[in-house]
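What follows is one structure encoded as structure tokens, with my remarks underneath.
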Amino acid sequence: ILDEYITKVCPASQQRTPRLLHQISQLRRAADLLVGELCEEFSQSEFTPALFELDLASPDPEAPGAPTFLLPDGTPVRLYGRIDRVDTWQNEGRTYLRVIDYKSGDTKFSLDDIARGLHLQLLVYLFALWHPENPAFREKIAGTGEILPAGVLYTGARVPEKLYDAPQTSETVLADAHRSVYRSGLLLADETVLRAMDRDLSGRYLPVRLRADGSFYKASEKSLSTLERLGSLLGSLETAVCRLAGGLRVMCAKQASGNS
């Protein structure tokens, strides 16, 4: 698949410089690592990948639809985006949704950022699926059942660099590479749902670890949220989006009056 992609974006007729060949090699290693990591994760997960490159406002009649907020004067603010991956799990008549966003950098999820109107993307995606504008999407995903949010995750998609003091076997290097694939996000604080994602809750596939006594490690708490808290974040998200949209409108009006 990767060879086909490279041939498509960079035909053999094009000159492949040493720098380009190095970048292709890095891409190949990253793809191999991520595919292997995902295979290991889903071999123990009850969640399954259901949607890829999902365009919220696609003309597809079963698309979720662009989430819409209203400014104080009634002006609609519509948000558009494309979701890398959506995973689902059906349990007791409910469909749980998990939003995944691949990152080549080291972006971390932070509620402080959300409060400042930064990095709103993942929550916008989650709420667009949890409360879809299009009823046809709800029926497609959950039928007549309830849709609930399992959470959102940034997932690293690059090969990490690590220096060793002594030679290591290829198995050791590969195992270290898999362990260094980071995940950062906000997840529903429901042990049953969490174990459906990461059976052992060892921190291997989620930014969450469970102690032997059944309590979560303190570092895990920032990645957990009750359903009620997730619902309240919708209000915070709407406030942040409307504040940004209102500021943009004022700025555009000033620029327009300055150019007239």
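Throughout, numbering of the chain's residues begins at 1 and tracks the sequence. A quick note: this is a predicted structure, and the numbers were derived from the prediction, not measured.
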Do you know which two heavy atoms are closest between [X] and [Y], and how far apart they sit?
| X | Y | value |
| --- | --- | --- |
| Tyr96 | Phe47 | O-CE2, 3.8 Å |
| Glu133 | Thr68 | OE2-N, 3.4 Å |
| Pro61 | Ala136 | O-CB, 3.5 Å |
| Ala240 | Gly117 | CB-CA, 4.2 Å |
| Val86 | Leu54 | CG2-CD2, 4.3 Å |
| Leu230 | Pro149 | CD1-CG, 3.8 Å |

In Å, rounded to the nearest 0.5 Å, how long is the span from [atom1] of [X] to [atom2] of [Y]?
| X | Y | atom1 | atom2 | value |
| --- | --- | --- | --- | --- |
| Glu238 | Leu71 | CD | CG | 9.5 Å |
| Leu227 | Trp130 | CG | CH2 | 5.0 Å |
| Lys140 | Thr95 | NZ | OG1 | 13.0 Å |
| Leu186 | Ser223 | CG | OG | 7.0 Å |
| Arg204 | Glu37 | CZ | CD | 4.0 Å |
| Leu194 | Leu201 | CG | CG | 5.5 Å |

Residue pair Tyr102, Arg85: steps toward the side-chain contact (heavy atoms from CB on, under 4.5 Å) verdict = CA-CA 9 Å; Tyr102 296 115; Arg85 195 182 91 218; 2.6 Å; yes
Mind running side-chain hydrogen bond (donor to acceptor under 3.5 Å, both in side chains) on Tyr205 and Arg199 for me, showing each step along the way?
-> CA-CA 9 Å; Tyr205 302 110; Arg199 184 172 53 208; over 6 Å; no
Hey, is [X] close enough to [Y] for a salt bridge, meaning N to O under 4.0 Å?
| X | Y | answer |
| --- | --- | --- |
| Glu191 | Arg195 | yes |
| Arg183 | Glu41 | yes |
| Asp3 | Arg28 | yes |

Can you check whether [X] reaches [Y] side chain to side chain, under 4.5 Å on heavy atoms?
| X | Y | answer |
| --- | --- | --- |
| Ser220 | Lys218 | no |
| Arg116 | Leu111 | no |
| Leu123 | Ile114 | yes |
| Thr48 | Asp87 | no |
| His131 | Leu234 | yes |
| Leu120 | Tyr125 | no |

Assess Arg211 against Phe216: is NZ or CZ under 6.0 Å from the centre of the six-membered ring, and within 45 degrees of the ring's axis?
-> no
Establish, from distance only, whether the side-chain atoms of Thr75 and Arg249 form a donor-acceptor pair under 3.5 Å.
-> yes
If only atom types and distance count, is the side chain of [X] paired as donor or acceptor with the main-chain N or O of [Y] below 3.5 Å?
| X | Y | result |
| --- | --- | --- |
| Ser45 | Phe42 | no |
| Glu46 | Asp198 | no |
| Ser58 | Asp55 | no |

Partner set under side chain to side chain contact (heavy atoms under 4.5 Å, CB included) for Glu53, not counting sequence neighbours = Arg82, Asp84
Only counting residues at least two apart or in another chain, list the ones meeting side chain to side chain contact (heavy atoms under 4.5 Å, CB included) with Lys103.
-> Asp101, Thr107, Gln121, Tyr154, Tyr182
Could you walk me through whether Leu129 and Ile83 pass side-chain contact (heavy atoms from CB on, under 4.5 Å), step by step?
-> CA-CA 10 Å; Leu129 304 182; Ile83 305 174; 3.9 Å; yes
Check the pair Leu187, Leu153 against side-chain contact (heavy atoms from CB on, under 4.5 Å), reporting the backbone distance first and the verdict last.
-> CA-CA 8 Å; Leu187 302 163; Leu153 284 175; 4.1 Å; yes
Is Glu139 atom CD crowded by more than 12 heavy atoms from other residues, nucleotides or ligands, each under 6.0 Å away?
-> no
Treating Ile, Leu, Val, Met, Phe, Trp and Tyr as nodes and any side-chain heavy-atom pair under 4.5 angstrom as an edge, say whether Leu122 and Leu244 lie in one connected cluster.
-> yes
After noting the C-alpha distance and the side-chain angles of Leu237 and Phe127, does the key distance pass the side-chain contact (heavy atoms from CB on, under 4.5 Å) rule?
-> CA-CA 9 Å; Leu237 178 65; Phe127 291 125; 3.4 Å; yes
